[in-house]
Amino acid sequence: MQLYIDPGTGSMLFTVLIGLLSAGVYAFRSFFIKLRFAFSGGHQEKAADACDEYVIFTDDKRYWNVFGPICDEFEARGIGLSYFTASPDDPALERSYDHVHCAFIGEGNRAFAKLNMLKADIVLSSTPGLDVYQWKRSRDVKWYAHILHAISDATLYRMFGVDFYDAVLLAGEYQVGQIRALEEVRGLPPKELPIVGLSYMDRMAARYQEAGPCEDGVTTVLLAPSWGASAIFSLYGGDIIDALLETGYHVVIRPHPQSMTSEKDMIDRLRTDYPNSDQLEWNFDNDNFEVLRRSDILISDFSGVIFDFTLVFDRPVIYTEPSLDKAPYDACWLSEELWTFDTLPRIGRVLDMDKLGSMKALIDDCLDNPTFQAGRDRARAECWGCRGESVKATVDYLVAKHEELVSG
């Protein structure tokens, strides 16, 4: 007779086990330190209380575009920083710094087990779900700060994504109201919500200003969906690829990185049905700069790449009719329309099933229509704070907060 445990129960039991182990290790460590203190005649060794002043944790290498510029700023200021990654091939591990220490701490639960016993003053991360699943707040961390990794609604995280952080570093002013509304409806204490912009957007804009647009003359359409039941491939499947190929334009398909984990079977099937050719290419570059730079128009859904593309490269977008099931997201707790869905009609055209047969006309209209410029300008003002100064604003906040914590 075999014992079966469903995945949900298994995850819960694993979380409980991690919590018990962390508590046990913490208690043992405290006892050991006290014992050493007693035998040393009251002279506790400095190493026993040593901790990092600043720590960055990332669960995936794809967020190096957010954290790389921040690490560079710490290095330039001569401030010590520990960068912990759960990706063994994170680009950070190839960098040579004097003041920034980059380390791979294991994948998945192995990384979280280390984080649960971390000793640090400030931890900065883009990983949601702190104190919800496997990642628990360490008793030896003074301050947890979350930083956004895309220009989109702060409520588009899975449930309770940022509830238990002490601060959320925001990209734009409109996100403040979203976080405050969640705090009110859930009875949470107010977090610090500094607006610091987005480091990778500033870096991308600077790179584009230096490189300039491509001038190969080939009209290129980039299909870059998000993932999940409400995303393009779940709604349209291969029909949207057929419609794009019929335009005669060059087509680039760039799946969301999470699709390669959560929807791998579907992506593999589409790649088999629509292999690389002279007209079609699949793109999986870790750095999306070049594929965005050489694309004339983007087709997506509610993915944050829409705003990377239209606001940095100043080009139009086509988006699918908003039909997001809010149930898994923080947004379902609020009645207000998502900023993303309110903004999309001002920066591009909507795509629905009836328009698949006239895809070329829709693309041509977007490329030739000058009315979307005002919409892009308004969106920049609302969602892209501290433009050009995001890295400075981020590190200034962390340094000021550290001074407050250690002097309080």
Can you find a heavy atom in the side chain of [X] that is under 4.5 Å from one in the side chain of [Y]?
| X | Y | answer |
| --- | --- | --- |
| Asp153 | Phe341 | no |
| Gln175 | Leu148 | yes |
| Ile105 | Arg110 | no |

Would you give the length of the straight line joining atom CD of Glu192 to atom OH of Tyr397, rounded to the nearest 0.5 angstrom?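 Separation between the atoms: 3.5 Å.
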Between CG on residue Leu81 and NE2 on residue His99, distance to nearest 0.5 Å: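 Going from the CG atom of Leu81 to the NE2 atom of His99 covers 11.5 Å.
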Check Val55, Asp140, Val141 against Lys119 for a side chain to side chain contact (heavy atoms under 4.5 Å, CB included) and give me the one that passes.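 Going through the options one by one, the only one that passes is Asp140.
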Against Ile299, only a single residue in Val251, Ile232, Leu222 fulfils side chain to side chain contact (heavy atoms under 4.5 Å, CB included); can you say which?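 By the side chain to side chain contact (heavy atoms under 4.5 Å, CB included) criterion, Ile299 pairs with just one of Val251, Ile232, Leu222: Ile232.
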Can you see whether [X] engages [Y] through a side-chain donor-acceptor pair at a distance of less than 3.5 angstrom?
| X | Y | value |
| --- | --- | --- |
| Asp314 | Gln373 | yes |
| Thr219 | Asp296 | no |
| Asn369 | Thr371 | yes |
| Trp384 | Asp202 | yes |
| Asp364 | Tyr249 | yes |
| Glu403 | Ser407 | no |

Working for side-chain hydrogen bond (donor to acceptor under 3.5 Å, both in side chains), residues Asp131 and Tyr165: CA-CA 9 Å; Asp131 230 24; Tyr165 277 92; over 6 Å; no
Any ion pair linking [Y] and [X] (charged N to carboxylate O, less than 4.0 Å)?
| X | Y | answer |
| --- | --- | --- |
| Asp72 | Arg95 | yes |
| Glu73 | Arg77 | yes |
| Arg180 | Glu183 | yes |

Of Asp287, Asp89, Asp90, the residue whose pairing with Lys61 passes salt bridge (charged side-chain N to carboxylate O under 4.0 Å, His left out):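 One option only clears the test, and that one is Asp89.
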In this structure, is the centre-to-centre distance between the rings of Trp64 and Tyr83 below 6.0 Å?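 They qualify: ring centres under 6.0 Å apart.
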Got a donor-acceptor contact below 3.5 angstrom from the Arg349 side chain to the Ile363 backbone?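 Checked: no pair found.
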Donor-acceptor pair, Lys355 side chain versus Val350 backbone, under 3.5 Å?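 Looks like yes, one N/O pair under 3.5 Å.
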